[in-house]
Protein chains: 2
Amino acid sequence: MSDLLKRLRERGWRLTAQRRVVAEVLAGDHIHLTADEVHARATERLPEISRATVYNTLGELVSLGELLEVSTDHRATRYDPNARRPHHHLLCDRCGTIRDVHPTGDALSALPESERFGYTVSGVELTYRGICPDCAV
Amino acid sequence: MSDLLKRLRERGWRLTAQRRVVAEVLAGDHIHLTADEVHARATERLPEISRATVYNTLGELVSLGELLEVSTDHRATRYDPNARRPHHHLLCDRCGTIRDVHPTGDALSALPESERFGYTVSGVELTYRGICPDCAV
DNA sequence: CCCTACATTGGACAAGGTCTAAGTCAAGGC
DNA sequence: GCCTTGACTTAGACCTTGTCCAATGTAGGG
């Protein structure tokens, strides 16, 4: 966490209370909050933080490569703090819970040249779908 | 296309002019329209069709398994008529164009038991990202 | 400790999508 | 062929998510 803040400082980030709180709220594994959830949790620690600042900060962290946007459905975008460790997602179709997973193999090389249509392919996202243990009752 | 309408009729779908037009608009390969685009094209053939009906019809086709929702970014959901033929997607990060692709291998079996967290895994989506030839200039 | 460029704020705005109440019509029964 | 009825459609209000802006506040270098 303090690593993150240090890295950002080195890149010229001005360290404000708001930005620190947003970074704190996002720390951890299997964390995939929406912007509004981030705002709600940030408000607990810093009541006067505004929605606009949360959106701004999330956007900055995404462009700095510290945060990943995950859009699993037509609802709110979720933010994934594990941008520095590559991984994929396992999603519960009932409750929407997301887990980080690490499949074997290399999905990128599974796309043959003939299926690339002239695109320069730079990455691949895998989203596994299923029902989580809590919803399986 | 008439196959689709026939299948739906057998499942108790009442066949209206609006539903027929929506189905017609979605026919074809590499078609990934947003709801508003569907509405715009449907309006050309049936000027009085409403937005609500387009949304209703798209939603019904999705639950019937005839249509796939694709949410690649934080923008409008796109609808993919190739739900009956399994495939994945290749997406241009600049202009958002989507192509249907068929990678080799079985991504489902690439997720080991230890990474399933007790979920019943039923499917997997692959989204390749890159730059399309038109944007590569 | 001051200055200033950068950050934050609240509220207006926009896009995508859902809901409702009232009117319309497909299709089965006669 | 016509009636009936419950499913379908409609317009528009409304909700949620996200963006933008002008005014205000403040981190951090000098």
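Each chain gets a letter, A, B and so on, in the order its sequence line appears, and its residues count up from 1. Just so it is clear, the model here is predicted, and its values are computed rather than measured.
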* Single hit among B/R45, B/R41, B/R19 for salt bridge (charged side-chain N to carboxylate O under 4.0 Å, His left out) with B/E24 -> B/R45
* Which sits closer to the 5' end of DNA chain D, A/D36 or A/A52, going by the nucleotide each is nearest to? -> A/D36
* To do: Round to a whole Å and report the spacing from CG of A/L58 to P of D/dT19.
  => 10 Å
* Asked: Please give, in whole Å, the distance from D/dC15 P to A/R75 CZ?
  -> 16 Å
* 5'-most by nearest nucleotide on DNA chain D - B/S50 or B/R14 -> B/R14
* Measure from CZ on B/R20 to P on C/dC25 and round the result to the nearest Å. => 14 Å
* Between B/L15 (CG) and C/dG28 (C1'), how many Å, whole number? -> 15 Å
* Asked: What class does the angle between the rings of A/H87 and A/H102 fall in, given that below 30° is parallel, 30 to 60° is tilted and above 60° is perpendicular?
  -> tilted
* **Euclidean distance, atom CD of residue B/E48 to atom P of D/dT9 [Å, nearest integer]** => 12 Å
* Asked: Quick one: is A/R19 getting a side-chain N or O under 4.0 Å of the D/dA27 phosphate, OP1 or OP2?
  -> no
* At under 4.0 Å, does any side-chain N or O of B/T77 touch on OP1 or OP2 of C/dG17? -> yes
* Establish, from distance only, whether the side-chain atoms of B/N82 and B/H30 form a donor-acceptor pair under 3.5 Å. => no
* **Heavy atoms from other residues, nucleotides or ligands near CZ of B/R85 exceed 12 (cutoff 6.0 Å)** => no
* Asked: Any side-chain N or O of B/Y55 under 4.0 Å from OP1/OP2 of C/dG17?
  -> yes
* May I ask you to evaluate whether B/T16 reaches the phosphate of D/dC8, defined as a side-chain N or O under 4.0 Å from OP1 or OP2? => no
* D/dT19 P sits how many Å from A/H39 NE2, rounded? -> 15 Å
* Find the distance A/N56:CG to D/dT19:P and express it as a whole number of Å. => 9 Å
* Examine the side chains of B/H32 and B/D100 and answer whether a donor and an acceptor come within less than 3.5 Å of each other. => yes
* Structure fact -> Whole-Å distance, B/I49 CD1 to C/dT24 P, equals 17 Å
* Asked: When you check the phosphate oxygens OP1 and OP2 of C/dT9, does a side-chain N or O of A/Q18 lie under 4.0 Å from one of them?
  -> yes
* Does OP1 or OP2 of C/dG16 have a side-chain N or O of B/R51 closer than 4.0 Å? -> no
